[in-house]
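As the structure lists them, so they are numbered: ligands from 1, and atoms in each ligand from 1. Throughout, residue positions are numbered sequentially from 1 according to the sequence presented.
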Amino acid sequence: MSNSGTPRGPVDSSRIPRYAGPATFARLPRLDEVGAADVAVIGVPFDSGVSYRPGARFGGNAIREASRLLRPYNPAQDASPFALAQVADGGDIAVNPFNIDEAVETIEAAADDLLGTGARLMTLGGDHTIALPLLRSVAKKHGPVALLHFDAHLDTWDTYFGAEYTHGTPFRRAVEEGILDTSALSHVGTRGPLYGKQDLKDDEKMGFGIVTSADVYRRGADEVADQLRQRIGDRPLYISIDIDCLDPAHAPGTGTPEAGGMTSRELLEILRGLAGCNLVSADVVEVAPAYDHAEITSVAASHTAYELTTIMSRQIAKARTQ
Ligand SMILES: N=C(N)NCCCC(=O)O
Ligand SMILES: [Zn+2]
Ligand SMILES: [Zn+2]
């Protein structure tokens, strides 16, 4: 909550044109303007962990730009997320693009500081490498967390070129480090070619359940969300969303696109179906604006972050009245 006790919301777009001024997420105040936040939106401009197209370092600011059109009331969750809790834009973490180990440490330390203030994090990537230090930090606070991972890819591979910290390996590292609650791990939206069948066997051994993008299509968003909610229960939950979980038609601006993905409608509906979960922090990663067109990808990512923020704000407001 802000210092005054009443959340400060976004700039009023009926008085100040929404395209005016520097972009913050959803035109919200900066964190330094409100002092403290219940939900801090944080950019992590890092893409030195990619295996194919680079460019996700520009994702956070592209999402901020595309979020100018978000409005303060979310009818799909019947909530005004920025009135229920103080949401503020904390700017970017300044990470070293030339030293991955150092970047991972910097992200973890910055997340520790922010979580230490009592804020939940809504992180805008960056490539998927950044999920590991964020999970480390969240687990220091909450213990091993349930993980819902939306992605075309498993991201539980071992190494690339001998490197342990890459965008294809964060969740194997997280399992190895014991920072995930292995009774509640799910990938959603996976598809596409793998290196071998062993990839799936390894992944299953780590404890992951899989809802493929074809499963979402066949079962529908509501049923998928119900099943995920049951599996998660009231465990502290981290949601990591690689925007390439969406079909390239819905998210062309990303580094490792795979055909046959979810629609943005399916993703948003599944998220809405997860309202009520104990969402402690979340990320949206892998938006690479150089391959985008007409902000298709960054608009989808901004709405994704909006739904996640709404879940967190509702939870914070509910906890306050209990
Ligand atoms: N996390 C993302 N987006 N992609 C991982 C792809 C790893 C590979 O090149 O096999
Ligand atoms: Zn991916
Ligand atoms: Zn990924």
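- Among the atoms of His153, an N, O or S atom falls under 2.8 Å of the Zn ion (ligand 2).
- Less than 4.0 angstrom separates some heavy atom of Trp157 from each of these atoms of ligand 1: 7 (C).
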Can you list the steps and then say if Leu180 with Met206 is a side-chain contact (heavy atoms from CB on, under 4.5 Å)?
-> CA-CA 10 Å; Leu180 299 181; Met206 287 176 233; over 6 Å; no
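- Near Asp155, the atoms of ligand 1 lying under 4.0 angstrom from a non-hydrogen atom of the residue are 1 (N), 2 (C), 4 (N), 5 (C).
- Those atoms of ligand 1 with a heavy atom of Tyr195 less than 4.0 angstrom away are 8 (C), 9 (O), 10 (O).
- Judged purely by distance below 3.5 Å, without hydrogens or angles, the side chains of His153 and Asp155 never pair a donor atom with an acceptor atom.
- Side-chain contact annotation: His250 with Thr297, donor-acceptor N/O pair under 3.5 Å absent.
- In this structure, the protein non-hydrogen atom closest to atom 9 (O) of ligand 1 is Ser51 OG, 2.5 Å.
- Near Glu286, with a cut-off below 4.0 Å to any heavy atom, the atoms of ligand 1 are 1 (N), 2 (C), 3 (N).
- Near Thr256, meaning under 4.0 Å from any of its heavy atoms, are these atoms of ligand 1: 2 (C), 3 (N), 4 (N).
- Numbered from 1 in the order shown, with element, the atoms of ligand 1 that lie under 4.0 Å from a heavy atom of Asp242 read 1 (N), 2 (C), 3 (N).
- If you number the atoms of ligand 1 from 1 as listed, the ones under 4.0 Å from a heavy atom of Asp244 come out as 2 (C), 3 (N).
- Side chains of Thr166 and Thr169: a donor on one and an acceptor on the other come within 3.5 Å.
- No donor-acceptor contact under 3.5 angstrom links the side chains of Gln86 and Arg8, judged on distance only.
- For the pair OD2 of Asp151 and OD2 of Asp242, the angle whose vertex sits at the Zn ion (ligand 3) is 90° to 10 degrees.
- The Zn ion (ligand 2) has Asp244 among its coordinating residues (N/O/S atom, backbone or side chain, under 2.8 Å).
- Relative to the ring axis of Tyr165, Arg173 does not place its NZ or CZ within 45° and under 6.0 Å from the centre.
- Under 4.0 Å from ligand 1, the heavy atoms of His153 that appear belong solely to its side chain.
- Put simply, Asp155 stays out of reach of the Zn ion (ligand 2), with no N, O or S atom under 2.8 Å from it.
- Summary of contacts: the protein heavy atom closest to atom 8 (C) of ligand 1 is Tyr160 OH, 3.1 Å.
- Salt-bridge formation is not detected for the pair Arg191/Asp151: no Lys NZ or Arg NE/NH1/NH2 atom is positioned less than 4.0 Å from an Asp or Glu carboxylate oxygen.
- Under 2.8 Å from the Zn ion (ligand 3) lies an N/O/S atom of His128, whether from backbone or side chain.
- Judged by distance alone, the side chains of Ser13 and Arg68 never bring a donor and an acceptor atom under 3.5 Å apart.
- Salt bridge Arg120/Asp38: absent, no basic N to carboxylate O contact under 4.0 Å.
- For the residue pair His187 / Asp203, a side-chain donor-acceptor distance below 3.5 Å is found, with atom types taken as modelled.
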